[in-house]
Amino acid sequence: MISLSGIRLWVMPTPTRNWTPTHGDPYRTVPYRPARMPAAESLARAAELRARMDERRTVRQFSTDAVPEQVVKDAIACAATAPSGAHQQPWTFVLVKDAEVRRRIRRAAEEEEHRSYAGRLGEEWLAALRPLGTDEVKPHLTDAPALIVVFQQRYWLGPDGAKRKHYYVDESVGIAVGMLLSALHLSGLAALVHTPSPMRFLGEVLGRPVNEKAFAVIPVGYPAADCEVPDLVRKSLDQVMVEL
Ligand code: IYR
């Protein structure tokens, strides 16, 4: 354990480098012997983290103020530490800062959302959404200074066109997005998971390869000065946890 400006590093980080396929490689290991965190410190950290995470809200009204770009990049790097099926890391995060590209995404998303809200969703779905106050107008796509468009790599596509299966792609990318949202929130930024449906236009606008399928658009920024969020209640721990 080393102490670095008040941050304790419990283990060596996993090296990051240009990844090449490990398909068929032999099983090799490195030691993993983190110093055990004292229970008192665990308890303090867990309580603090629980309180901070409970402050996270999905934001739909963003300030147009710029955010520190490195914070967003660090959050994406955090997301990319997620566990994944067969460690295939089947994700691509497209960081869109360009205002014209954000306008194009908004235009295409609003066209799809218009069809959704005008009938495609159906009465039951619209009723479920009513407490959230959402509609087809998506100003956050152009107000937020950055969008992170998350793509799933449905399969691996080699430079020569070779294909290989990816496993548990939905689960892997879902976990990574959870970690992304946590990292953004804990770094002081607000976000929204937006899933225009269908999302095919995102691959086209952003020029993504055929093995990638859009998973979500995540506007990132600061809440607008007059931001309001729906008056929602979270389920209590008793309601979400079963103890045996
Ligand atoms: N994609 C639409 C509708 C929507 C659906 C769900 I489920 C939400 O939790 C929120 C919105 C939209 O973005 O408005």
Side-chain angles (χ1 to χ4, degrees), residues 53-64 67 72 75 79 91-99 101-152 154 169-185 189-206 208 212-224 226-236 239-240:
M53 291 299 285
D54 196 34
E55 291 165 2
R56 190 198 57 78
R57 291 301 311 257
T58 287
V59 160
R60 293 189 166 80
Q61 290 147 267
F62 284 87
S63 158
T64 56
V67 294
V72 181
W91 41 64
T92 303
F93 302 89
V94 181
L95 175 57
V96 183
K97 298 166 284 177
D98 186 277
V101 180
R102 284 185 286 125
R103 272 195 291 278
R104 281 216 293 277
I105 291 175
R106 177 175 176 184
R107 218 174 296 129
E110 287 182 336
E111 259 173 47
E112 292 297 352
E113 295 294 1
H114 174 71
R115 281 189 275 275
S116 296
Y117 282 91
R120 197 156 55 185
L121 295 181
E123 264 319 302
E124 185 174 356
W125 196 338
L126 288 173
L129 292 179
R130 209 159 290 137
L132 303 184
T134 58
D135 61 27
E136 65 193 65
V137 189
K138 304 297 182 192
H140 39 262
L141 293 174
T142 45
D143 287 345
L147 306 177
I148 302 172
V149 187
V150 184
F151 286 86
Q152 307 177 299
R154 297 302 309 172
V169 175
D170 290 327
E171 292 83 349
S172 304
V173 177
I175 293 167
V177 167
M179 292 172 65
L180 177 64
L181 297 176
S182 303
L184 290 167
H185 170 64
L189 299 183
L192 156 70
V193 180
H194 175 52
T195 51
S197 177
M199 283 195 271
R200 179 178 289 278
F201 71 88
L202 288 165
E204 289 160 12
V205 171
L206 300 173
R208 298 312 303 160
E212 292 190 4
K213 185 174 169 220
F215 183 81
V217 182
I218 304 182
V220 176
Y222 296 111
D226 59 351
C227 179
E228 299 270 329
V229 294
D231 186 8
L232 303 178
V233 171
R234 290 198 166 99
K235 289 181 179 176
S236 67
Q239 289 177 299
V240 300

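Just follow the structure's listing: the first ligand is 1, and inside any ligand the first atom is 1.
- Within 6.0 Å of the CD atom in Gln239, the count of heavy atoms belonging to other residues, nucleotides or ligands exceeds 12.
- Atom CZ of Arg107 has more than 12 neighbouring heavy atoms from other residues, nucleotides or ligands inside a 6.0 Å radius.
- Counting heavy atoms of neighbouring residues, nucleotides and ligands inside a 6.0 Å radius, atom CD of Glu171 exceeds 12 of them.
- Arg154 and Asp170 are joined by a salt bridge, as a carboxylate oxygen and a charged side-chain nitrogen come within less than 4.0 angstrom of each other.
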What verdict does the salt bridge (charged side-chain N to carboxylate O under 4.0 Å, His left out) test give for Arg106 and Glu110, after you've listed the backbone C-alpha separation in whole Å, the side-chain angles of each residue and the deciding distance to 0.1 Å?
CA-CA 6 Å; Arg106 177 175 176 184; Glu110 287 182 336; 2.9 Å; yes
Which side-chain N or O atoms in residues 212-224 pair as donor and acceptor under 3.5 Å with protein atoms at least two apart or in another chain?
from	atom 1	to	atom 2	distance (Å)
Glu212	OE1	Arg208	NE	2.7
Glu212	OE1	Arg208	NH2	3.2
Glu212	OE2	Thr92	OG1	2.8
Glu212	OE2	Arg208	NH2	3.1

Which protein N or O atoms sit under 3.5 Å from any N or O of ligand 1? Give each pair with its distance.
from	atom 1	to	atom 2	distance (Å)
ligand 1	1 (N)	Glu113	OE2	3.2
ligand 1	1 (N)	Thr195	O	3.1
ligand 1	13 (O)	Glu113	OE2	3.4
ligand 1	13 (O)	Lys138	NZ	3.3
ligand 1	13 (O)	His194	ND1	3.1
ligand 1	14 (O)	Tyr117	OH	2.5
ligand 1	14 (O)	Lys138	NZ	2.5

